[in-house]
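The structure appears right after this line, and notes come after that.
For this chain, numbers begin at 1 and follow the sequence in order. What you see is a predicted model; the values in this text were computed from it and never measured.
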Amino acid sequence: MARSKTDEDEFPETGEDGSTGRAAVRSPDQLELTEAELKQEIIRTLSADNPHVPRDIVRFNFKERAYKLVDDMDHTAVHFTLNGYLIHKDSDEGRRQSIRSCAEAGSFIAEGEGEGEGGEEGGGEGEQEAEAAEAAEEEPPPQKPPERKLANQFNFIERGSTTYQYPLRVCCCFLQCLGGSFLWEGTCKQIGNIFSLPFFSLQHIDSLSMVARAAKIAERMVNLNTYDDIAQDFKYFEDASDEYRGQKGTLLPLWKFQYEKTKKLAVTALSWNPKYKDLFAVGYGSYDFMKQGHGMLLLYTLKNPSFPEYSFSSESGVMCLDFHSDHPHVLAVGFYDGHVAIYNLKRASPQPSYKSSKSGKHTEPVWQVKWQKDDMDGNRNFFSVSSDGRIVSWTLVKNELVHMDVIKLSADETTMQGPEGLQLQTLGSGISFDFHKKIDYLFLVGTEEGKIYKCSKSYSSQFLDVFEAHHMAVDTVSWNPFHLKVFISCSSDWTVKIWDHTIKTPLFVYDLATAVGDVAWSPYSSTVFAAVTIDGQAHVFDLNVNKLEPLCSQLVVTRKKNKTTHVQFNPADPVIIVGDERGLITCLKLSPNLRKKPKEKKGQEVKKGPEEEIAKLEKLLSLVRQPGKKEEE
């Protein structure tokens, strides 16, 4: 008889012994796989990592003073927690519970004996057990003998120290230098922590640099004690004798800066840092072309006159330098061999970061460099002037100095006989130059022939004007920081002259009876300037007080056959620095008569600011211009 498929499913097959076999039941959504797919091994790796743990957790690290990424997160996931009631049998509570349970068991056995008196032999055994329990109750457990503690021969905690412990004292250190420019306070513990520097990452600072940093701070503290009287004079001293001198003033010598390796080199350049008012750079070289050798670039701070903060050596003498106004760590330098370079003070490298190539460098010494505003592409650029007659613009493009000639100075009426009778025009020798403070394209160039050219960046083949300024080389030319039309010049022909660039003749002429090395305007007054001469004297003028002679002429260099070379005003404090040919820099403070302010009138406030300085100088110039105008009429 045939059986349908449904019947087979309803009635499973039975074995020979009549037992029913187990039927295979499939899930309705089970996949139907082939034999090859069924035999394929699929490996699954199980790990203890919790996939739900939050990642990229950031927490503040107080030791390094920065936010740090937390790597070791806890991957434990608790699925079930149950508070248990089990206690350890050797604990105090466990012993008490065991004694209590034995006592309860003994009383239960005693009650069973009272009920079954006169019974079988089992009663006698119960009495023995009860007696044993009572004996256990009456006799306390034997006490364990105390363990003997072995003395540690190297443990000195419990001993009294024979060394006297000095009581801790709060030793505060207070360092305030340079008129409040830098202030440092701390305790001895904080000074000690400087050696470990916990707030710096050890990945970036090695042990040697940490010790150097700590030694530098300790050196400044020692210098503060050594030169304490000078620091007090710098901050508080005002010469009261000026009241009896009339208009005259004095210069108070403060610090002297000298380095052992620069005693045979002359100070060829001085420049104050635009941001850190106590920091200044000094260039060392030689003005004698027969004694040319190596040069040095040093950076000093008024807080440490004993040793320079930065020191760089060069194969050729350093003749000029200039700080970048927006990037105070960038310094442009010109050398005697015609090269220019850029130093980055943030990099601990003795070599310059960028240097001119041999193809584009000057063929004569570079006498002055000046930073200018960045170009349209945001690249830094500066200008240089040299004795070869070229004024070159240097632009830092892709870690390379690219040069471009702005103008070439031509010497008028000077020709040279060339081959085959050709007449060759000679180039003028540029010695100094300065850019206008407001008009970017306008600048002045002083030459070795004694002329001053007024030039523009837009015209490379001609000059805007020519001034027959001096009979010898124009050592310095500088625009007034307040008045837009006035500039000053000095020369080896013994004179210092003040000009209006719209007038061909000088407004003021001062004869100092010897060659003038340098002249500088004051940053706080439009009428104050200082000059140094080769006889070792410094002269300070104030046109608003005396238009005819200096208010102070003081000897700065005491050695014979020594000359002062450069002078610079501090941009914030009433001090000047003067360099000489023996590598010595002297810092001097101006007395009150050399920095007089307008007197206050009753009921009126004294006006301050650039506009008042311009008006003060313009009033003096108008007195000088009037006679000239009358003669022309």
Salt bridge (charged side-chain N to carboxylate O under 4.0 Å, His left out) partners for [X], two or more places apart:
X: Glu309; result: Lys216, Arg220
X: Lys291; result: none
X: Glu315; result: none
X: Lys437; result: Asp434

Looking just at side-chain N and O atoms, do [X] and [Y] make a donor-acceptor pair shorter than 3.5 Å?
X: Ser553; Y: His539; value: yes
X: Thr447; Y: Glu449; value: yes
X: Asp375; Y: Asn381; value: no
X: Ser384; Y: His362; value: yes
X: Asp535; Y: Thr514; value: no
X: Thr395; Y: Asn379; value: no
X: Ser386; Y: Trp367; value: no
X: Ser314; Y: His294; value: no
X: Ser286; Y: Asp288; value: no
X: His501; Y: Lys454; value: yes

Please report whether the ring centroid of [Y] lies less than 6.0 Å from that of [X].
X: Phe508; Y: Phe541; value: no
X: Phe280; Y: Phe257; value: yes
X: Phe312; Y: Tyr284; value: no
X: Phe383; Y: Trp394; value: no
X: Phe435; Y: Phe433; value: yes

Salt bridge present between Asp580 and Arg582 (N-O < 4.0 angstrom)
no
Output yes when Asp322 and Lys370 qualify as a salt bridge under the 4.0 Å nitrogen-oxygen rule, no when they do not.
no
Step-by-step side-chain contact (heavy atoms from CB on, under 4.5 Å) determination, Lys457 to Phe443
CA-CA 8 Å; Lys457 297 179 183 177; Phe443 63 96; 4.2 Å; yes
If you compare all heavy atoms of [X] against all heavy atoms of [Y], which two are closest, and at what distance to 0.1 Å?
X: Ala269; Y: Met319; answer: CB-O, 4.0 Å
X: Asp518; Y: Thr565; answer: CB-O, 3.4 Å
X: Val516; Y: Asp475; answer: O-OD2, 3.0 Å
X: Ala469; Y: Lys497; answer: O-NZ, 2.6 Å
X: Ala281; Y: Leu321; answer: CB-CD1, 3.9 Å

Quick one, [X] and [Y] - any side-chain contact, counting heavy atoms below 4.5 Å?
X: Tyr524; Y: Leu590; value: yes
X: Leu299; Y: Val282; value: no
X: Leu507; Y: Leu621; value: yes
X: Thr495; Y: His470; value: yes
X: Leu551; Y: Asn546; value: yes
X: Leu298; Y: Tyr310; value: no
X: Val366; Y: Cys320; value: yes
X: Leu588; Y: Val578; value: yes

Exactly one of Glu613, Glu612, Glu618 clears salt bridge (Lys or Arg N to Asp or Glu O under 4.0 Å) with Lys616, and that residue is Glu613
Is it the case that over 12 heavy atoms from other parts of the model lie below 6.0 angstrom from the NE2 atom of His471?
no
Might you confirm whether atom NZ of Lys563 has over 12 heavy atoms from other residues, nucleotides or ligands at distances under 6.0 Å?
no
N/O donor-acceptor pair under 3.5 Å between His327 side chain and His329 backbone
no
Pair Tyr276-Phe323, ring pair (Phe, Tyr, Trp, His ring centres under 6.0 Å): steps then yes or no
CA-CA 11 Å; Tyr276 303 101; Phe323 277 107; 9.6 Å; no
What pairs meet the side chain to side chain donor-acceptor pair (under 3.5 Å) rule with one or both residues in residues 503-513, with sequence neighbours excluded?
Asp465-Lys504
Would you sort out whether Val340 and Phe335 count as a side-chain contact (heavy atoms from CB on, under 4.5 Å), showing the intermediate values?
CA-CA 6 Å; Val340 295; Phe335 299 96; 5.9 Å; no
Apply ring pair (Phe, Tyr, Trp, His ring centres under 6.0 Å) to the pair Phe569 and Phe529, showing each step before the final yes or no.
CA-CA 9 Å; Phe569 278 87; Phe529 64 91; 9.2 Å; no
With Trp371, which residues qualify under ring-ring contact (aromatic ring centres under 6.0 Å, His included), at least two apart?
His324, Phe382
